[in-house]
A.B. asks: 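Below: one structure in C-alpha cells.
Just so you know, these numbers use all the heavy atoms, side chains as well, and skip hydrogens, waters and symmetry mates. Note that the numbering runs from 1 along the sequence shown for the chain. Read the numbers this way: they start at 1 and go in the same order the structure lists the ligands and their atoms.
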Amino acid sequence: MTAETLNFIDGRFVPSSSGRLFENRSPVDHALISRVHEAGRPEVDAAVAAARAALAGPWGRLSVQERAAMLYAVADEINRRFDDFLQAEVADTGKPIALASHLDIPRGAANFKIFADTVKSASAEFFEMTTPDGRTALNYALRRPKGVVAVICPWNLPLLLMTWKVGPALACGNAVVVKPSEETPSTATLLGEVMNAVGVPSGVYNVVHGFGPNSAGEFLTRHPDVNAITFTGETATGTKILEAAAGGIKATSMELGGKNPSIVFADCDLDNALEVTSRAVFANCGQVCLGTERVYVERPLFETFVQRLGEIARAMKPGRPDDAGSGIGPLISLGHRDKVLSYYARAKEEGATIVAGGGIPQMPAGLAEGAWIEPTVWTGLPETSAVVREEIFGPCCHVTPFDSEDEVVALANDTQYGLAASVHTRDLQRAHRVAARLDVGLCWVNAWFLRDLRTPFGGAKMSGIGREGGLHSLEFYTELRNVCVKL
Ligand code: NAD
Ligand code: 6OD
C-alpha cells in the first residue's frame, strides 16, 4: 500500500478534511513515494490556532535555558534517527546519499543547537539616563517572541533550510506553522515525531502540506493571526508573499533567488578555482540558491579554465543516490527539468558554444523516467541573453572572458539579483577591493558555501530582504520591548 503523508497539527498527525491528496514522486525514477494530504483552510486555521494556544501555554512560560535544553534534545533526536531523516530526504530529492549525509541532515540537527546557544548568549541593550528632574532612569530592552511564525520552504535543501528558520524561531519562544514544498513534504513531517518524542508542547511546531496559490501557502501567509512570515524561495513567489503580508503588516524575512557570479583572475590557484567553481555550479544538481551560474574568467586563463571545467562536467556521472560512483543526482522534478531544458534550448538557438552537456543523459533501464540532466557549460552568449540574466537553478553555467577589474565588477553587478559571489585570486588586496564593490549579501574569496553560522546570511537587491544567521536571526524572530524604570 502506498504511504500517506499527513499534516502535523497540535501534536497530532491529521488527514486532509477535504479528502484532497497529491502525489509525491521520486525524481530518480518517477516512482510514487507517498500520497500527501493537502491542508485546506480548516487545517491552516487549526494549525495557527494551535500555535497561538501554545504561546499562551507552558511553552510561553519556559525560561531561555529550558527552551534551549529542549532544542538540544530535538537535535539529539534527529541525530538518533539520522537514517530515517536521510532516507526521507533522499527519497524526496533524489540527491546523492553522500551529500545528504554530510550536509542536509547534520545541518538539520545542528541548526537547533546553534540557535539554542545563540539565544542563551544574547545580551540585552541597557542605557542609564538622567531624568529632567535630576533623577536616574534605567532603560533595558526585553526580547519577546514575535508570536505565530509562518515558515514557507523550498525543495532544494528541505530539512536544512526549514530548520534554519524553525531553530531560531523556537529558540526565541515563537510557535511555528511550516509549509514545506509540495515536492519535499517528508522530513518536515518526520520532525513532528521528533517534537513529540522530546516533549515539545503540542502546537509549538505544526506542518501543513499543499501548494502556494489558493492552497496552504496562501491561506497561511494571508492568515490574520500570523505575526511574521519567513520565506525561502523564488523571487516571484516572494513578491506574492509580500503582497499577502502587507495586508496584515506582518514582519517578513525573504531569502530569494540569485544569478551568482564567480570571478576568476589569472593569478588564482587554478586547481582550487576549478574545484570550488565546479562545486558551486554542479553541487545538488545546481539547485543551490548560492550556486554559480555566471563565471567570468580573466582572458589569459579563459581557454584553459573553460577546457578544464568542461572536462569536469563531462566526467560527472549521474546515478542513483546510493551509487558511490555517481557525481550528480537528478533535478527535483520533470517539471523543473522542462524549465531548465528550455534554457538549454535557448542557449543553442542563440548560438552558444556548448563546451559540455546540453541535454538529457542516457540512463539505464529503470532510471529513464527520472528528471536527469547533463551538467552543462556554455560560452559565447551576449550578457543580454536570458541564459545569462535569469536564474535557471540547474547544473549549468556560462563562462565569459574579461580584461580588467573595473569591467568584471560592472559585469558581475549588472543583474537584478544580489545574493552571492566568489572571487578567485592570490592578490588579497584585490580580493578585498572587489568584495567591497560587489552588490551582494555574501562574497567568498577562493571559496564557496563556507560559512560560520553566526554570520549574516541574505541577499541584496531582488535576492531578498533582511538577514538571518546568529544574532541577525534573533533580530527577526523577536520583538524588542524597551522598559524604562525611573529610580
Ligand atoms: P518557490 O518559490 O516555487 O516555492 C517555495 C515555497 O513557496 C513552496 O513551499 C511553495 O509551495 C510556496 N509558495 C508558492 N507560491 C506561494 C504563494 N503564493 N503563497 C505562499 N506560498 C507559496 O521556490 P522553490 O522552487 O521551492 O525553490 C527554488 C527557489 O528558491 C530558487 O529561486 C532559489 O534561488 C530559491 N532559494 C533561495 C534561497 C536563499 O536563501 N536565498 C535558498 C534556497 C532556495
Ligand atoms: O547554509 C545555510 O544556512 C543556507 N541558508 C544555505 C542556503 C542555500 C541555498 O540554497
Side-chain angles (χ1 to χ4, degrees), residues 22 36 38-39 44 93 103-104 106-108 110-111 114-115 150-165 167-168 178-185 188 207-223 226 229-245 252-260 280 283-284 286-291 293 331-333 335-336 339-340 390-394 417-420 440-442 448-470 472-473:
F22 60 93
V36 186
E38 183 175 352
V44 172
T93 59
L103 176 67
D104 301 64
R107 263 295 302 285
N111 282 337
I114 285 157
F115 287 105
V151 182
I152 313 283
C153 306
W155 44 256
N156 61 324
L157 300 164
L159 183 70
L160 186 160
L161 290 174
M162 177 195 51
T163 54
W164 172 243
K165 294 168 179 303
V178 175
K179 212 297 278 168
S181 169
E182 52 275 31
E183 306 282 2
T184 53
V207 180
V208 289
H209 291 297
F211 305 84
N214 201 26
S215 182
E218 184 175 353
F219 301 152
L220 183 58
T221 51
R222 289 196 182 275
H223 199 290
V226 164
I229 303 170
T230 176
F231 171 71
T232 300
E234 282 189 23
T235 296
T237 313
T239 307
K240 293 268 178 287
I241 291 179
L242 284 171
E243 283 167 18
T252 55
S253 171
M254 294 277 136
E255 296 189 343
L256 308 176
K259 188 73 183 177
N260 309 308
N284 209 37
Q287 303 165 118
V288 181
C289 60
L290 306 166
E293 290 191 358
L331 290 168
I332 189 67
S333 65
H336 185 54
K339 176 186 160 187
V340 176
E390 296 172 13
E391 184 186 50
I392 301 172
F393 222 54
Y417 293 111
L419 187 54
V440 292
L442 300 114
W448 177 75
F449 210 82
L450 183 64
R451 214 152 65 71
D452 182 317
L453 299 177
R454 294 170 295 186
T455 56
F457 181 96
K461 302 198 273 189
M462 289 184 79
S463 290
I465 301 176
R467 294 292 180 271
E468 297 197 26
H472 308 279
S473 292

A.B. asks: Nearest to atom 15 (N) of ligand 1, what protein heavy atom do you find, and at what distance?
C.D. replies: T237 CG2, 3.2 Å

A.B. asks: What is the closest protein heavy atom to atom 41 (N) of ligand 1, and at what distance does it sit?
C.D. replies: L256 O, 2.6 Å

A.B. asks: For atom 43 (C) of ligand 1, which of the options T239, T232, L419 provides the nearest non-hydrogen atom?
C.D. replies: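 Nearest heavy atom to atom 43 (C) of ligand 1 lies in T232.
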
A.B. asks: Determine whether the side chain, the backbone, both or neither of Q287 has a heavy atom under 4.0 Å from any heavy atom of ligand 1.
C.D. replies: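 Near ligand 1, Q287 shows nothing, with every heavy atom at 4.0 Å or more.
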
A.B. asks: Using a strict cut-off of 4.0 Å, indicate which atoms of ligand 2 neighbour a heavy atom of L161.
C.D. replies: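 Going through ligand 2 atom by atom, the ones under 4.0 Å from L161 are 4 (C), 5 (N), 6 (C), 7 (C).
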
A.B. asks: Name the closest protein heavy atom to atom 32 (O) of ligand 1, giving the residue it belongs to and the distance to 0.1 Å.
C.D. replies: E391 OE1, 2.6 Å

A.B. asks: Nearest heavy atom to atom 22 (C) of ligand 1 wins, so pick from G212, C289, S181.
C.D. replies: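 Nearest option to atom 22 (C) of ligand 1, by heavy atoms: G212.
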
A.B. asks: Atom 24 (P) of ligand 1: which protein heavy atom is closest, and how many Å away?
C.D. replies: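 Sorting protein heavy atoms by distance from atom 24 (P) of ligand 1 puts W155 NE1, 3.3 Å first.
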
A.B. asks: Tell me the protein heavy atom at minimum distance from atom 12 (C) of ligand 1, and give that distance in Å.
C.D. replies: I152 CG2, 3.7 Å

A.B. asks: Measuring from I229:CD1 to H223:NE2, what's the distance to the nearest 0.5 Å?
C.D. replies: 12.0 Å

A.B. asks: Measure the distance from atom 23 (O) of ligand 1 to every protein heavy atom, then report the residue, atom name and distance (to 0.1 Å) of the closest one.
C.D. replies: E234 N, 3.5 Å

A.B. asks: Could you tell me whether some N/O pair between C289 and ligand 2 is separated by less than 3.5 angstrom?
C.D. replies: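 Yes; at least one N/O pair falls below 3.5 Å.
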
A.B. asks: Starting from atom 27 (O) of ligand 1, find the nearest protein heavy-atom neighbour and note its residue, name and distance.
C.D. replies: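 Sorting protein heavy atoms by distance from atom 27 (O) of ligand 1 puts P154 CB, 3.4 Å first.
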
A.B. asks: For P180, state whether at least one heavy atom is located under 4.0 Å from any atom of ligand 1.
C.D. replies: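 P180 counts as a contact of ligand 1 under the 4.0 Å cut-off.
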
A.B. asks: Do you see a protein non-hydrogen atom under 4.0 Å from atom 4 (O) of ligand 1?
C.D. replies: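 It does not; no protein heavy atom is within 4.0 Å.
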
A.B. asks: Where the closest heavy atom to atom 35 (C) of ligand 1 is concerned, which of G238, G464, G233 has it?
C.D. replies: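 When every heavy atom of G238, G464, G233 is considered, G233 comes closest to atom 35 (C) of ligand 1.
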
A.B. asks: At a 4.0 Å cut-off, with the gap strictly under it, does some heavy atom of R107 reach an atom of ligand 2?
C.D. replies: yes

A.B. asks: Which residue supplies the protein heavy atom nearest to atom 8 (C) of ligand 1, what is that atom called, and how far is it?
C.D. replies: C153 O, 3.2 Å

A.B. asks: Mind checking whether P213 has a heavy atom under 4.0 Å from ligand 1?
C.D. replies: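 P213: in contact with ligand 1 (<4.0 Å).
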
A.B. asks: Cut-off 3.5 Å, side chains only: do Q287 and T93 have a donor facing an acceptor?
C.D. replies: no

A.B. asks: Nearest 0.5 angstrom please: N284 CG to D104 CG, how far?
C.D. replies: 6.5 Å

A.B. asks: Is it the side chain, the backbone, both or neither of T232 that has a heavy atom closer than 4.0 Å to ligand 2?
C.D. replies: neither

A.B. asks: Any donor-acceptor pair under 3.5 Å linking the side chain of K179 with the backbone of G210?
C.D. replies: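 Yes.
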
A.B. asks: Less than 3.5 Å between some nitrogen or oxygen of R451 and one of ligand 2, yes or no?
C.D. replies: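 Yes, there is a polar N/O contact under 3.5 Å.
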
A.B. asks: Using distance alone, decide if ligand 2 has a nitrogen or oxygen within less than 3.5 Å of any nitrogen or oxygen in N156.
C.D. replies: yes

A.B. asks: Run down the list F211, F231, F393 and name the one with the heavy atom closest to atom 28 (C) of ligand 1.
C.D. replies: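 Result: the heavy atom closest to atom 28 (C) of ligand 1 is in F393.
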
